[in-house]
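The structure under discussion appears below in the form of structure tokens.
Proteins come first, then strands; the chains are lettered A, B, ... in the order of their sequence lines, and each starts at number 1.
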Amino acid sequence: MPELPDVEAFKRYMDATSLHKTIEGVEVKSSLILGNASARELQARLTGHKFQSTRRYGKYLFVRVDDGFWFILHFGMSGRLKYFKNIDKDPPHDRLLISFANGFHLAYDCQRKLGKVGITEEVESFIREKDLGPDVLELDFTTLKEILEGRRGTVKYTLMNQHIIAGIGNIYSDEILFQAGVHPTTKINKLKKKMLKKLFEEMKKVLQTAIDCQTDPEKLPEYYLLQHRSKGGRCPRCHSDLERIKVSGRTAYYCPKHQKKNC
DNA sequence: AGTACCACCTGACGGC
DNA sequence: TGCCGTCAGGTGGTAC
């Protein structure tokens with residue numbers, strides 16, 4: 001599930017549950033989710049310390065540890081967090097279990113094990129190493145035009161490429177393109193200036209709306225594509241059958257009536 | 001340099 | 001019921 005709005009929700013969840021509590025135990029249940037730190041290293045550096053604050057950048061969540069470094073969480077396709085007391089409530093795909101001195105636990109649950117946890121001394125250096133583009137919510141239009149200079153891939157590929165812009169994935173790229181009225185395979189360098197501006201505005205608007213709705217599809221506006229984004233789905237505006245195609249290896253849904261190539 | 005494709009994992013679902 | 005292919009909200013490596 002995790003794209004920017006989901007990770008933002010995880011950030012708020014951590015803020016509300018897991019800060020300022022002494023970490024008593026760290027149990028790595030699957031080594032596949034280890035990024036740049038070993039299980040031993042995570043245990044050694046976290047145990048006895050407290051989480052202080054959090055920061056989100058793109059789809060990454062950084063948690064400040066009182067010892068002066070950052071614990072990194074990335075959620076892959078299926079990652080999520082759960083804070084609970086009774087160990088019987090441990091979620092089914094718990095891959096990393098952090099236990100606090102207050103008797104509560106925080107589980108990093110990741111069914112497909114495509115997510116990664118790690119450590120970094122500085123958030124900025126991690127972002128540089130990963131070569132992440134600017135976070136969508138911090139992006140301004142001038143910068144967007146600069147970073148798109150020389151690009152000629154499809155607009156959907158461009159939105160989803162974390163090296164270009166950080167935070168947008170498959171689902172929200174479809175939503176942004178639907179709201180902007182752009183066909184997913186439109187080449188980014190063929191977009192008219194006015195439409196690029198519209199696309200820029202929708203990036204922010206769609207993600208902010210999803211954050212405000214706590215990513216609950218039920219709470220999203222009724223004219224959003226997201227709730228209809230499945231086989232047999234219809235356009236929420238004109239009830240046309242949605243089209244389903246592959247764009248750079250991912251499934252794209254769009255309304256053939258509202259989303260045109262030459263705009 | 002920029003883009004496309006496959007592999008990495010697990011589990012759910014539909015068809016035979 | 002069992003088996004098989006397909007698909008899933010991500011990313012890294014590699015091939016063009």
Side-chain angles (χ1 to χ4, degrees), chain A residues 1-11 28-36 56-61 72-81 91-96 107-118 126-133 135-136 146-179 184-190 203 206-207 209-211 213-218 220 224-233 242 244-254:
Chain A
M1 66 152 67
E3 296 183 37
L4 187 151
D6 309 283
V7 179
E8 183 64 29
F10 296 150
K11 168 179 160 53
V28 175
K29 296 174 179 253
S30 168
S31 55
L32 282 174
I33 57 106
L34 294 173
N36 62 4
R56 183 198 57 70
Y57 189 99
K59 301 176 191 171
Y60 287 88
L61 180 57
I72 311 164
L73 290 160
H74 185 266
F75 298 92
M77 299 262 269
S78 56
R80 59 201 187 95
L81 295 173
H93 313 292
D94 179 6
R95 310 302 185 197
L96 176 77
Y108 169 80
D109 184 87
C110 189
Q111 187 213 115
R112 293 174 66 188
K113 301 179 181 172
L114 296 175
K116 290 276 185 286
V117 303
F126 180 82
I127 292 168
R128 231 176 298 127
E129 267 167 48
K130 289 279 172 190
D131 190 28
L132 297 176
D135 183 273
V136 206
E146 276 170 25
I147 60 179
L148 294 184
E149 201 68 29
R151 301 265 170 196
R152 50 205 160 80
T154 65
V155 64
K156 183 171 168 70
Y157 166 81
T158 308
L159 288 180
M160 289 195 302
N161 187 334
Q162 303 302 298
H163 301 303
I164 305 175
I165 305 165
I168 303 170
N170 198 30
I171 290 283
Y172 287 101
S173 61
D174 276 1
E175 189 65 59
I176 291 163
L177 292 170
F178 177 74
Q179 295 304 328
T185 62
T186 308
K187 300 286 186 187
I188 192 74
N189 54 351
K190 301 287 182 204
M203 285 181 209
V206 165
L207 296 180
T209 302
I211 290 171
C213 297
Q214 291 108 17
T215 72
D216 180 354
E218 301 279 303
L220 287 173
Y224 264 43
L225 178 75
L226 213 148
Q227 307 92 303
H228 308 276
R229 200 189 166 284
S230 60
K231 271 186 184 163
L242 295 176
R244 183 175 186 266
I245 56 169
K246 286 275 180 200
V247 183
S248 60
R250 310 299 301 278
T251 303
Y253 285 88
Y254 69 97

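- Rounded to the nearest 0.5 angstrom, Glu149(A) CD and Asn189(A) CG are separated by 10.5 Å.
- Gly249(A) comes within 4.0 angstrom of no nucleic acid atom, judged by non-hydrogen atoms across all strands.
- Base pairing annotation: dC9(B) forms no Watson-Crick or G-U wobble pair, as no partner gives both donor-acceptor distances under 3.5 Å.
- Rounded to whole angstrom, the span from the CD atom of Gln111(A) across to the C1' atom of dG10(C) amounts to 14 Å.
- When rounded to the nearest whole Å, the span between NE2 of His93(A) and P of dA8(C) equals 18 Å.
- Both Tyr157(A) and Arg95(A) lie close to DNA chain B; mapped to their nearest nucleotides by heavy-atom distance, the more 5′-ward contact belongs to Tyr157(A).
- Neither OP1 nor OP2 of dT11(C) sits under 4.0 Å from any side-chain N or O of Lys116(A).
- Atom name P, nucleotides dC3(C) and dC9(B): the rounded distance is 23 Å, in whole Å.
- Taking the P atom of each, dA1(B) and dT11(C) are spaced 22 Å apart, rounded to whole Å.
- Only the C1' atoms considered, dC6(B) is 16 Å distant from dT6(C), to the nearest whole Å.
- Taking atom CG on Asp131(A) and atom P on dA1(B), their separation rounds to 11 Å, with Å as the unit.
- With Leu226(A) as the fixed residue, the side-chain contact (heavy atoms from CB on, under 4.5 Å) test singles out one of Tyr172(A), Phe178(A), Tyr253(A): Tyr172(A).
- Here the nucleotide nearest the side chain of Arg250(A), chosen from dA4(B), dT10(B), dT11(C), is dT11(C).
- When each of Lys156(A), Arg250(A), Met203(A) is tested with Ser173(A) by the rule side-chain contact (heavy atoms from CB on, under 4.5 Å), just one qualifies, namely Lys156(A).
- The phosphate of dG10(C) has neither OP1 nor OP2 within less than 4.0 Å of any side-chain N or O from His74(A).
- We find that NZ of Lys156(A) is positioned 16 Å from P of dT3(B), with the value rounded to whole Å.
- Each of dA8(C), dG9(C), dG2(B) was ranked by its minimum atom distance to the side chain of Arg112(A); first place goes to dA8(C).
- In this model, the phosphate group of dA8(C) is approached by a side-chain N or O of Lys246(A) to a distance below 4.0 Å at OP1 or OP2.
- A sub-4.0 Å separation between OP1 or OP2 of dA1(B) and a side-chain N or O of Arg152(A) is absent.
- Rounded to an integer number of Å, the gap from NZ of Lys231(A) to P of dA12(B) is 18 Å.
- Under the 6.0 Å cut-off for aromatic ring centres, Phe126(A) and Tyr57(A) do not qualify, their centroids lying 6.0 Å or more apart.
- Residue Thr251(A) is classed as a sugar-phosphate contact, given heavy-atom separations below 4.0 Å to backbone atoms only.
- Between the C1' atom of dG9(C) and the CG atom of Leu220(A) lies a distance of 13 Å, rounded to the nearest Å.
- For Ser248(A), counting side-chain heavy atoms from C-beta on, the closest listed nucleotide (dA4(B), dG9(C), dG12(C)) is dA4(B).
- Rounded to an integer number of Å, the gap from CZ of Phe10(A) to C1' of dG9(C) is 10 Å.
- At a threshold of 4.0 angstrom between heavy atoms, the contacts of Lys187(A) with the nucleic acid are absent.
- One side chain, Thr251(A) or Lys246(A), offers a donor N or O that lies under 3.5 Å from an acceptor on the other.
- Rounding to the nearest 0.5 Å places OG1 of Thr158(A) at 9.0 Å from NZ of Lys187(A).
- Phe75(A) comes within 4.0 angstrom of no nucleic acid atom, judged by non-hydrogen atoms across all strands.
- A gap of 23 Å separates the P atoms of dG11(B) and dG12(C), to the nearest Å.
- As rounded to whole Å, 13 Å separates atom C1' of dA7(B) from atom CE of Met77(A).
- Checking the phosphate oxygens (OP1, OP2) of dT6(C), no side-chain nitrogen or oxygen of Arg244(A) falls inside 4.0 Å.
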